[in-house]
Amino acid sequence: MIIATHSGSFHADEVTACVIFKLLDATTKIIRSRDPEELEKADYVIDVSGKFDLQKHFDHHPAEFNMSRSNGIKYATAGLIWDKFGRELLELIRRCLPNPDEISDTVINKAWKTIDRNIMQYTDLTDNGQLDSYTKGLCSLSSSDDNQVYSNLNRFYMHIPVIPYLVAMQNDLNGNDEVQYRNFMETVESLKVLYKKLFINTLTNARDEEKVLKSYDGSEILRLDDKLPWFEAVLNNWSCFEKCKIAIYPDHKKNGYRIQSLPGSQSSRFKNRCGAPTAWRGKELEELNRIIGIRTATFVHKTGFTGGAISKEDIETMARLWIEGSEP
């Protein structure tokens, strides 16, 4: 497979698109040019050419291009290629995993949506010039003070080393085409390693999230027989866990069990919905067991968000008393 994109400076959207193609086919060759004849030698032309038939040509730059998602985020090259080939790539990954039959089409579609939401949409926003207006819209600003708070936060987030920033910093502004081609390919290969693992884990997490949902009985306690991505399952299915306060699950490293508060809100991972009793916090082993009245408790974190015990009976007792004596 041959992919063509533009020469010169490169950005996260076409780099991400090339990563997708390279993961689909390791023998993929990449052309970087602005010569129309050279570009047309490729199987797919991305982020250049002024055409967007969405079969061979995927260029979001023409003025008449107006494709956007239902949430209003416009497509750039990363999103276009993920929309076209993302499910195919996840299906390819599924076939390489142990027990591929556990991963249904529903799970693949869920993973595809998660990756679009968590990776592709932000990548597109940073490329299409919409990031500032989109985030302002989310904030519902109503005063000059609100706008100042937004501006301060925006300046902070602009310097966080997210993928678009990291990719942009791989450019050599004084480099010739040969130098920039090398920089581009090194960036693609680096991101290929990161994204391959990310795609695998998102797919398996989507599978395991279904297991979490099946395990929950609607009570105050989420009980799991294995360590599953329950925290993300709660955030992604917030209304389903409205009554739930804590989770208990195996701790294989300590051959015991862990207990943990659910998050207090979808926007704050560090706010406890049900913090441990203050008297337990920061305590360990004998002292902690004496306070609780059990035998195998191992610790409670000083912030009250998690703790542990060796026996299942003790972790159940901890859970009950934790809820009864819970404090913020």
Side-chain angles (χ1 to χ4, degrees), residues 1-25 27-89 112 115-117 119-135 162-189 191-192 195:
M1 182 162 55
I2 301 175
I3 306 301
T5 187
H6 60 81
S7 55
S9 296
F10 52 87
H11 311 96
D13 68 324
E14 78 266 20
V15 168
T16 299
C18 287
V19 168
I20 294 168
F21 283 120
K22 293 281 279 186
L23 289 173
L24 279 168
D25 180 359
T27 67
T28 295
K29 308 293 184 184
I30 297 175
I31 297 171
R32 299 193 76 232
S33 176
R34 294 186 183 274
D35 180 347
E37 290 187 7
E38 189 71 13
L39 294 173
E40 289 304 315
K41 294 177 182 178
D43 298 294
Y44 299 102
V45 183
I46 63 170
D47 211 46
V48 70
S49 80
K51 303 175 185 177
F52 55 97
D53 53 51
L54 306 186
Q55 297 300 317
K56 176 175 180 173
H57 304 90
F58 297 82
D59 189 3
H60 67 103
H61 295 101
E64 60 271 26
F65 180 89
N66 59 4
M67 289 183 59
S68 63
R69 298 168 175 86
S70 58
N71 60 5
I73 296 177
K74 300 174 184 177
Y75 281 97
T77 305
L80 287 175
I81 298 305
W82 185 248
D83 186 67
K84 180 78 171 179
F85 297 100
R87 292 180 181 85
E88 181 182 343
L89 176 54
W112 177 87
I115 292 166
D116 186 65
R117 180 183 69 243
I119 303 296
M120 305 304 164
Q121 291 189 23
Y122 183 79
T123 302
D124 285 359
L125 280 169
T126 61
D127 192 81
N128 64 26
Q130 193 186 7
L131 180 60
D132 189 60
S133 61
Y134 183 77
T135 52
V162 292
I163 294 296
Y165 175 81
L166 293 175
V167 169
M169 294 302 289
Q170 306 314 304
N171 283 278
D172 184 341
L173 299 182
N174 296 312
N176 58 27
D177 284 349
E178 181 180 352
V179 169
Q180 280 293 77
Y181 184 85
R182 184 172 65 249
N183 292 339
F184 181 89
M185 292 307 303
E186 287 175 350
T187 306
V188 168
E189 290 301 317
L191 282 187
K192 191 174 76 169
Y195 277 137

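Small disclaimer: the values here were computed from a predicted structure and weren't measured.
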Could you check whether any side-chain heavy atom of [X] comes within less than 4.5 Å of a side-chain heavy atom of [Y], counting everything from C-beta outward?
X	Y	answer
Tyr122	Ile163	no
Asp127	Thr123	no
Leu80	Phe65	yes
Ile81	Tyr44	no

What's the shortest heavy-atom distance between [X] and [Y], and which atoms?
X	Y	value
Glu37	Asp35	N-OD1, 3.0 Å
Gly50	Pro62	O-CG, 3.4 Å
Val167	Phe10	O-CE1, 3.7 Å
Leu173	Ser9	CD2-OG, 4.2 Å
Cys18	Ile46	SG-CD1, 3.8 Å

Under 3.5 Å: donor-acceptor pair, side chain of [X], backbone of [Y]:
X	Y	value
Asp124	Gly79	yes
Thr126	Pro164	no
Gln180	Asn171	no
Asp25	Thr27	yes
Trp82	Gln121	no
Tyr181	Ile30	yes
Lys56	Glu40	yes
Gln130	Lys74	yes
Asp116	Met120	no
Glu38	Arg34	no

Can you measure from [atom1] ([X]) to [atom2] ([Y]) and round to the nearest 0.5 angstrom?
X	Y	atom1	atom2	answer
Trp112	Arg117	CH2	CZ	11.5 Å
Asp47	Thr5	CG	OG1	5.0 Å
Gln170	Arg182	CD	CZ	12.5 Å
Glu64	Asn66	CD	CG	9.0 Å
Glu178	Asn183	CD	CG	11.0 Å
Leu54	His60	CG	NE2	12.0 Å

Inset, instruction - Run the numbers on Asp13 and His11 for side chain to side chain donor-acceptor pair (under 3.5 Å), then give the verdict. - result: CA-CA 6 Å; Asp13 68 324; His11 311 96; 4.7 Å; no
Legend entry - Val45 and Lys51: CA distance, side-chain angles, deciding distance, side chain to side chain contact (heavy atoms under 4.5 Å, CB included) verdict: CA-CA 9 Å; Val45 183; Lys51 303 175 185 177; over 6 Å; no
Inset, instruction - Measure the acute angle between the ring planes of Phe58 and Phe85, then classify it against the limits of 30° and 60° as parallel, tilted or perpendicular. - result: tilted
Legend entry - Stacked cation flag Arg32 on Phe184, 6.0 angstrom / 45 deg: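 Satisfied, under 6.0 Å and within 45°.
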Inset, instruction - For residues Phe52 and Tyr75, establish whether the separation of their ring centroids is below 6.0 Å. - result: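 No - the distance between ring centres of Phe52 and Tyr75 does not fall below the 6.0 Å cut-off.
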